[in-house]
Amino acid sequence: MEQKELIKLKGVVESVLFCNPDNGYTVLDLNTGGDYVTAVGLLGSVNEGEELVLSGSYVTHARFGVQFSATVCERILPSDAGAIMKYLSSGVIKGIGKTLAKRIVDEFSESALDVIEREPGLLVKVKGITPKKAEEIGIEFKRISGIRSLMIFLSQFEIMPSAAVGAWKRWGQYAIDIIRENPYILCENGIELEFGKAEVIAKKLEIPDDSESRIKAGIIYVLTENINNGHTCLPYDRLKNTVISLLGINNGKYEHTLETLIGDGSLYKYNKNNRDFVFLEEYFAAESYITGRLSVMNGCFKDTEFNYDNLIEVEEKTKDITYARQQRKAVSLALSQGFIILTGGPGTGKTTALKAIISLYEQRGMKVMIAAPTGKAAKRVSDLTGYDARTIHRLLEVVFDNNGKPQFRHNELEPVACDVMIVDEMSMVDTLLFESLLRALRLSCRLIMVGDSDQLPSVGAGNILKDMIDSGRLTVVHLTEIFRQAQKSCIITNAHKILNGNYPDMKRTDSDFFFIQRLDYNNARQTVVDLFLNRIPKSYGFSSADDIQILCPSRKGSLGVIEMNKALQEAVNPKAENGRSVKSLYYTFKENDKVMQIKNNYDILWSKSGEGGTGIYNGDIGTILTISRAENQIIIDFEGRICEYSFEMLDQLELAYAVTVHKSQGSEFNAVIIPLLPGYEKLYYRNLLYTAVTRAKKMLVIVGSQKAVFSMVDNNRRTLRYTCLRDMLEKELGT
C-alpha cells in the first residue's frame, strides 16, 4: 500500500485542549497565521505560545470533524513579545504566573527567553524576583529546554514523548549523549522501547551491526520475547541460533557478548541434563528462591503421623457427609504435614476436601487465608467453599517505590498475617507471582496448593504446578474418583474421557453437553451468534451478558477471538449512541460492550462501594459504562470496581464476548460455546480442549466439526515450556 506523503504544518499553539502527562497524547489548537487547526498526536508537554512544526496528515473524525494527526513534532521557542508573553503566562516555568510574565516581557521584550536561559541573574531587575528566585527560574528553564531538546532529538526517529520523559528522568542533561552512544539502552531501565525501534535509531546513527551494545540488546530481546511465550529460560543452542540469525553476526561476537552478560550478572547459565539453559537474572533468581523455599518447607513440615480419623469423623457427622479414601488422606496430610499439593479433575471432590481442611484448621484456632490468581478464580473458590478469598495481588498489596515502580507491600520483612495459606487454581500461578507469594509467607505458615495439573499452564512464564508435581519430591494427593452426583454431568464425564484420550459422547441431546455440526466458517459463526443471543437465553434463561461465554482456541481466523468478537458485537451492541465509541487497533469499543484487560496494570485506580484500590489485572472482565470524547475517557465496571481509562490505554483492552481458552483459565461460566473447525492444528491439542470443556458449569455447546474435536483428543502434545524448576527441585531435595 502506498504511504501518504506527510504534510508540514507550522504555527503557534493557541490553546492546549488536552494533554496526557503519562504518554504525551495532546489535543491543541494551532494558529497557522490566522487559520486555526485542531492538531492531535503524541506531542508531549506543549505550552501555549510555543511555535511548532508538525508533520502528519489531515483526518476526518466522526464527531469532531477535520483534524491534523501529527506523527512528528518540532518545537521552536516563541520569538515575538506577544507569543513569549503567552508562553510564560501558561505556567510552563514554575514560579512565573501571568503577572510576573507580563513584567518580564515588559522589561526584556523579545530577549526575555534569552535572558532566562543565558543570564537569569538579570531577572532581579523585575519587581518581585529575588536573586534566589532568578536562579530557580534559570534552573527550571534549563530542565524544560533539556526535555524539549530530547523530545526533538527522538522525534526524528518517531519515538513517543513518553520515552523521552523516561530517559530524561534517568539521565537528565546527559540523555542525548548516552542515547547517541548506545540507543539500545532505551530498551532497558524501565523505558522498555521496542527493540525494532532502537534498531531504527541505531541505523540512522550508524551504530555498527556487530557493536556489543546491539548484541547485548538482541540477546535480552530474544529472552524477553520467549518469556512472553511462557519460557523462563532458553536452551543455550536455541538462543544462540536465534540471536545470530536475527542480528546477522558471527559466532565469536555472540559468544564473547554472552559471556560478558553472564559475567556481569545480567544473565545466568544453568545445566540441566547435560544441556545448558540461559536465564534473565530475575527468572533465575525466582526459580532458585522457589526451590530453596520449598525445600525448607518440605523439611519443616514433616508428617507428624498423628491420626486425625476421629476429627474427620466428627466433621463428617457435623456436615452430614462421607469423605472418600483419597479425600480423607488429603485432609489428614494437610493437618499433619501442613505442606501438600491437592490435585484432580472436575467432579473429584477437591472443593469438598478443601472445605474440611479449612474447617478443621479453624477449629484448631489457626488463621486461614485463601488466595487465587485472578478475581474470577477468587470469587469462584469463595462461592464454592463459603470462605472469603482474594486475588494474590490484592492479598500481597501492590505499592509503589520512590521511582513509581510497582512492588508488593508484603514480603520477608512484612509477611502476611496468617497461619495457613491456601492457593487455588495453582496451574495459573506463574513463576514471578509464586516467588512473591512465598516471600510473603512466614516460615511457620502452612501451605496448601490446589489445582488441576492437566489444565493449560499459566499465562505468565513458568509451569509451576506441573514442575512441582513432576519432580516427585513434594507431597501430592491426586483425587481420581468421580463422584456419583458428578457422573450425571456429561460435561464432567466427557472431560475425563478427553483427558484419558477417549472421544467424548457427542450424540446425546438430553444432558448438558451438546454438539452442533457446522462444516463451513460462515455457518458456524452465525450459529454461535444465534446461540449466544437467542437460542440459549430463550430456552434456558441464561443471560448473554452474564452467563454465556464463547471460548476460541485461536485469536486469529474466521472463528478466532477477533472476528468472533466483531460478529457478536454487531449482533449484541450494534449502535453507538451520540457517537459514543472509540477505535483501537483491532476493535471499535462502544458503551455497554463487554471487555477484558489483557495485561497487568498496577496503576489503575478503582472505587467500589465507597472504598478504593489500585490494579486491574490480565484476564479481568468488565463492562464499558460511558465513553467521553471530550474528556478522552472511558469508565469501566469490573464487577463492581469502577475505573477510568484514557483513550491511550485502549491497547490494554479487548472485546470479551469471545476470549481465548488461555484467558478463560480460573473462570467458570454457566454456559460455554466453543467454535471448532479444522485449520489451526498447531493449536489443537488435548489439554486445551480439556481446559475449555471444564470452564462450563451447566451447559457446553461445541459448534463445528466432529473431526476437529477428535483430532484434538488424539493430539496429546503438551504446551512446551522451558523451565528448570523441576530439575532444581530434584537436585535440591535428592531422592
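The structure presented is a predicted model; accordingly, all values stated were derived computationally and were not measured.
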**Q.** CA sep, side-chain torsions, deciding dist, call: Val701, Val672, side chain to side chain contact (heavy atoms under 4.5 Å, CB included)
**A.** CA-CA 6 Å; Val701 184; Val672 167; over 6 Å; no
**Q.** Check: Asn502 main-chain N/O paired with Asn500 side-chain donor or acceptor under 3.5 Å
**A.** no
Q: Would you name the heavy atoms of Leu551 and Ala692 that are closest together and state the gap between them?
A: CD1-O, 3.8 Å
Q) Can you tell if the side chain of Asn592 reaches within under 4.5 Å of the side chain of Ile624, non-hydrogen atoms only? A) no
Q) Side-chain contact, heavy-atom cut-off 4.5 Å: Met712 with Val709? A) no
Q: Scan residues 534-543 for pairs that pass salt bridge (Lys or Arg N to Asp or Glu O under 4.0 Å), counting only residues two or more places apart or in two chains.
A: none
Q: Determine the minimum heavy-atom distance between Met428 and Thr374, stating which atoms define it.
A: CE-CG2, 3.3 Å
Q: Report the residues that fulfil side chain to side chain donor-acceptor pair (under 3.5 Å) with Asn494, sequence neighbours left out, ordered by chain and then residue number.
A: none
Q | Closest approach of Ile636 to Leu653 (non-hydrogen atoms, all atoms of both residues) | A | CD1-CD1, 3.6 Å
Q.
Holding to side chain to side chain donor-acceptor pair (under 3.5 Å), I want the full list of residues that pass it with Lys594, two or more places apart in sequence or in another chain.
A. Gln549
**Q.** Pairs involving residues 383-393, ordered by first then second residue, that meet side-chain hydrogen bond (donor to acceptor under 3.5 Å, both in side chains) (sequence neighbours left out)
**A.** Lys379-Asp383
Q. Please walk me through it: do Ile469 and Ser471 pass side chain to side chain contact (heavy atoms under 4.5 Å, CB included)?
A. CA-CA 5 Å; Ile469 293 172; Ser471 74; over 6 Å; no
Q. Which residue pairs pass the side-chain hydrogen bond (donor to acceptor under 3.5 Å, both in side chains) test when at least one of the two sits in residues 521-533, sequence neighbours left out?
A. Arg518-Thr527, Asp520-Asn523, Asn522-Arg525, Asp530-Asn534
Q) Under the side chain to side chain donor-acceptor pair (under 3.5 Å) test, which residues partner Asp470, sequence neighbours left out? A) Lys466
Q: Taking all heavy atoms of Ser628 and all of Phe647, pick out the closest pair and write down the distance.
A: O-CZ, 3.6 Å
Q | Rounded distance (nearest 0.5 Å) linking atom NE2 of His231 with atom OG1 of Thr224 | A | 13.0 Å
Q: Determine which pairs satisfy salt bridge (Lys or Arg N to Asp or Glu O under 4.0 Å) with at least one residue from residues 684-695, sequence neighbours left out, and list them in order.
A: none
Q: Find the distance between CD1 (Ile370) and CG (Leu354) and round it off to the nearest 0.5 Å.
A: 6.0 Å
(Q) Using the rule given for side chain to side chain contact (heavy atoms under 4.5 Å, CB included), can you reason through Phe513 versus Val693, listing the C-alpha separation, both sets of side-chain angles and the distance that settles it, and then say yes or no? (A) CA-CA 9 Å; Phe513 189 110; Val693 168; 4.2 Å; yes
Q. Rounded to the nearest 0.5 Å, how far does CE of Met699 lie from CG of Asp512?
A. 8.0 Å
Q: Spell out, as yes or no, whether a donor-acceptor pair under 3.5 Å connects the side chain of Gln706 to the backbone of Gln517.
A: no
Q | Residues forming a ring-ring contact (aromatic ring centres under 6.0 Å, His included) with Tyr503, sequence neighbours excluded | A | Phe710
**Q.** Close side-chain approach of Asn601 and Gln652, heavy atoms under 4.5 Å
**A.** yes
Q: Indicate yes or no for a side-chain donor-acceptor contact from Thr626 to the backbone of Glu591 under 3.5 Å, with no hydrogens or angles considered.
A: no
**Q.** Expected output: side-chain Thr691 to main-chain Gln455 donor-acceptor under 3.5 Å
**A.** no
Q) About how many Å separate CG of Asp620 and NZ of Lys599, when rounded to the nearest 0.5 Å? A) 14.5 Å
Q: For residues 656-672, pull every pair meeting salt bridge (Lys or Arg N to Asp or Glu O under 4.0 Å), keeping only residues two or more places apart or in separate chains.
A: Arg380-Glu668
Q: Would you mind reporting whether Trp606 and Glu644 have side-chain heavy atoms less than 4.5 Å apart?
A: no
Q | Side chain to side chain, Gln569 and Tyr657, heavy atoms closer than 4.5 Å | A | yes
Q.
In the structure I gave you, are the side-chain heavy atoms of Val423 and Leu437 within less than 4.5 Å of one another anywhere?
A. yes
Q: Report yes or no: does Gln327 contribute a side-chain atom to a donor-acceptor pair with the main-chain N or O of Ala324 at less than 3.5 Å?
A: yes
Q: Taking Asp637 for its side chain and Ile642 for its backbone only, find out whether a donor-acceptor pair lies under 3.5 Å.
A: no
Q) So do Ser664 and Phe669 actually touch side chain to side chain, heavy atoms under 4.5 Å? A) yes
Q.
Consider side chain to side chain donor-acceptor pair (under 3.5 Å). Of Thr431, Asp467, Asn463, which one does Thr723 pass it with?
A. Asp467
(Q) Under 3.5 Å, is there a donor on one side chain and an acceptor on the other for Asp547 and Tyr540? (A) no
Q | From CG (Asn573) to OG (Ser544), nearest 0.5 Å | A | 12.0 Å
Q: Assess whether side chain to side chain contact (heavy atoms under 4.5 Å, CB included) is satisfied between Leu700 and Ile674, documenting all intermediate values.
A: CA-CA 8 Å; Leu700 178 85; Ile674 307 172; 3.7 Å; yes
Q: With side chain to side chain donor-acceptor pair (under 3.5 Å) as the test, would you mind laying out the steps for Asn618 and Gln597 before giving the verdict?
A: CA-CA 5 Å; Asn618 193 349; Gln597 176 78 9; over 6 Å; no
Q.
Under a 3.5 Å cutoff, is there a donor and acceptor pairing between the side chains of Gln326 and Thr480?
A. no
**Q.** Spatial distance of atom CG (Leu689) from atom CD1 (Ile498) [nearest 0.5 Å]
**A.** 4.0 Å
Q. Any salt bridge (Lys or Arg N to Asp or Glu O under 4.0 Å) pairs touching residues 497-508, not counting sequence neighbours?
A. Arg508-Asp510
Q) For the side chain of Asn687 and the backbone of Tyr690, is there at least one donor-acceptor N/O pair under 3.5 Å apart? A) no
Q.
The criterion is side chain to side chain donor-acceptor pair (under 3.5 Å); which residues satisfy it with Tyr685, sequence neighbours excluded?
A. Thr719
Q | Residue pair Val222 / Asn226: nearest heavy atoms and the distance that separates them | A | O-ND2, 2.8 Å
Q: Mind listing the closest non-hydrogen atom pair of Thr343 and Ser453 along with its distance?
A: OG1-N, 3.5 Å
Q.
Main chain of Ala461, side chain of Asp430: is a donor-acceptor contact present, judged purely on distance under 3.5 Å?
A. no
Q) Would you say Thr348's side chain and Gly345's backbone share a donor-acceptor pair under 3.5 angstrom? A) yes
Q.
Is it the case that the side chain of Ser539 and the backbone of Ile536 share a donor-acceptor pair, with hydrogens and angles ignored and the cut-off at 3.5 Å?
A. no
**Q.** Contact check, side chains of Tyr722 and Pro235, non-hydrogen atoms, under 4.5 Å
**A.** yes
Enumerate donor-acceptor pairs with a distance under 3.5 Å from any side-chain N or O in residues 555-563 to protein atoms, sequence neighbours excluded.
unit_1, atom_1, unit_2, atom_2, d
Arg555, NH1, Glu654, OE1, 3.2
Arg555, NH1, Glu654, OE2, 2.4
Arg555, NH2, Glu654, OE2, 3.2

